[in-house]
Amino acid sequence: WGERPGRQAADGIAWTIVADALRRWHSRLYEDALTHESLSSYRSVAEFELRSVLCVPVGTLGRRLGVCYIDHQGVAGLFTPAMCGLVETIASVLGLLHLLETSESHAESYRTEAETARLHLLRTQKTRIVGEITGGLAHDLKNVLSAILARCELLDRQQTDAVQAR
């Protein structure tokens with residue numbers, strides 16, 4: 001949007017055209033806004049000599065992304081139906097590109113979530129395996145220590161019995 005003084009009135013017309021294109025989801029081509037019945041009643045159309053206006057919805061496969069709005073002051077007929085068709089084609093390509101980009105980012109998000117879930121499963125499995133190994137080692141160590149402790153107690157009794165026998 002321009003930053004010229006008084007541009008707000010022209011911007012109001014632009015928003016009216018954009019809203020109409022969005023509501024109907026159909027391109028709007030005004031070859032001469034000054035003589036067009038729906039725009040000529042706006043005082044600012046004459047004030048700003050708004051002549052050629054083109055507004056094309058941008059989207060694809062039923063997804064609405066926005067609009068491409070172009071206007072020109074002073075020259076009527078600058079935008080033609082052929083140019084409108086070209087801009088519509090470009091808008092469709094832009095919509096497809098946006099869809100592909102969005103799909104790729106969603107696919108990346110799903111890959112990231114799947115990788116996170118896989119890593120969580122691996123950590124869980126590692127923890128379980130370490131727990132089983134630790135439990136097995138502790139059980140085996142307890143058995144060895146129990147045998148050593150039992151042997152120590154037996155030796156202690158034998159020594160105590162030998163001391164008492166003397």
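Only heavy atoms go into these numbers, but all of them, side chains included; no hydrogens, no water, no symmetry mates. A quick note: this is a predicted structure, and the numbers were derived from the prediction, not measured.
- More than 12 heavy atoms of other residues, nucleotides or ligands sit less than 6.0 Å from atom CD of Q158.
- Listed by chain and residue number, D20, Y30 satisfy the side-chain hydrogen bond (donor to acceptor under 3.5 Å, both in side chains) test with R28 (two or more places apart in sequence, or in another chain).
- To the nearest 0.5 angstrom, R151 atom CZ is 15.5 Å from S146 atom OG.
- At distances below 3.5 Å, at least one donor-acceptor pair connects side-chain atoms of S52 with backbone N or O atoms of V75.
- Contact check for V53 versus I17: side-chain heavy atoms found under the 4.5 Å cut-off.
- Between the CG atom in L34 and the CD atom in Q73 there is a gap of 10.5 Å [rounded to 0.5 Å].
- Taking the side chain as every heavy atom from C-beta outward, Y42 and L50 never approach each other to under 4.5 Å.
- Linking Ile, Leu, Val, Met, Phe, Trp and Tyr residues whenever their side-chain heavy atoms come within less than 4.5 Å leaves V58 and V93 in two separate clusters.
- Listed by chain and residue number, I133 satisfy the side chain to side chain contact (heavy atoms under 4.5 Å, CB included) test with I129 (two or more places apart in sequence, or in another chain).
- Within the 4.5 Å cutoff, side-chain heavy atoms of Q125 are placed close to those of L121.
- Closest approach of L78 and M83 over heavy atoms only: O-SD, 4.1 Å.
- With sequence neighbours excluded, no residue forms a side chain to side chain contact (heavy atoms under 4.5 Å, CB included) with E37.
- Looking at heavy atoms from C-beta onward, L22 lies in side-chain contact with V67 at the 4.5 angstrom threshold.
- By the 4.5 Å heavy-atom criterion applied to side chains, V56 and E88 are counted as neighbours.
- In terms of heavy atoms, C68 sits closest to V87 at SG-CG1, 4.2 Å.
- Taking the side chain as every heavy atom from C-beta outward, P57 and S27 approach each other to under 4.5 Å.
- Scanning for side-chain hydrogen bond (donor to acceptor under 3.5 Å, both in side chains) contacts around S38 gives H36, with sequence neighbours left out.
- Residues passing the side chain to side chain contact (heavy atoms under 4.5 Å, CB included) test with L96, sequence neighbours excluded: T60.
- Atom CZ of R23 sits in a crowded spot, with more than 12 heavy atoms from other residues, nucleotides or ligands closer than 6.0 Å.
- Proximity of F79 to E31: side-chain heavy atoms (C-beta onward) are nowhere separated by under 4.5 Å.
- Under the 4.5 Å side-chain contact rule for hydrophobic residues, L86 and L29 do not share a cluster.
- Legend: salt bridge (Lys or Arg N to Asp or Glu O under 4.0 Å) pairs involving residues 116-131, not counting sequence neighbours, sorted by first then second residue: E115-R118, R128-E132.
- When hydrophobic clusters are built by joining Ile, Leu, Val, Met, Phe, Trp and Tyr residues whose side-chain heavy atoms come closer than 4.5 Å, directly or via intermediates, Y69 is not grouped with L94.
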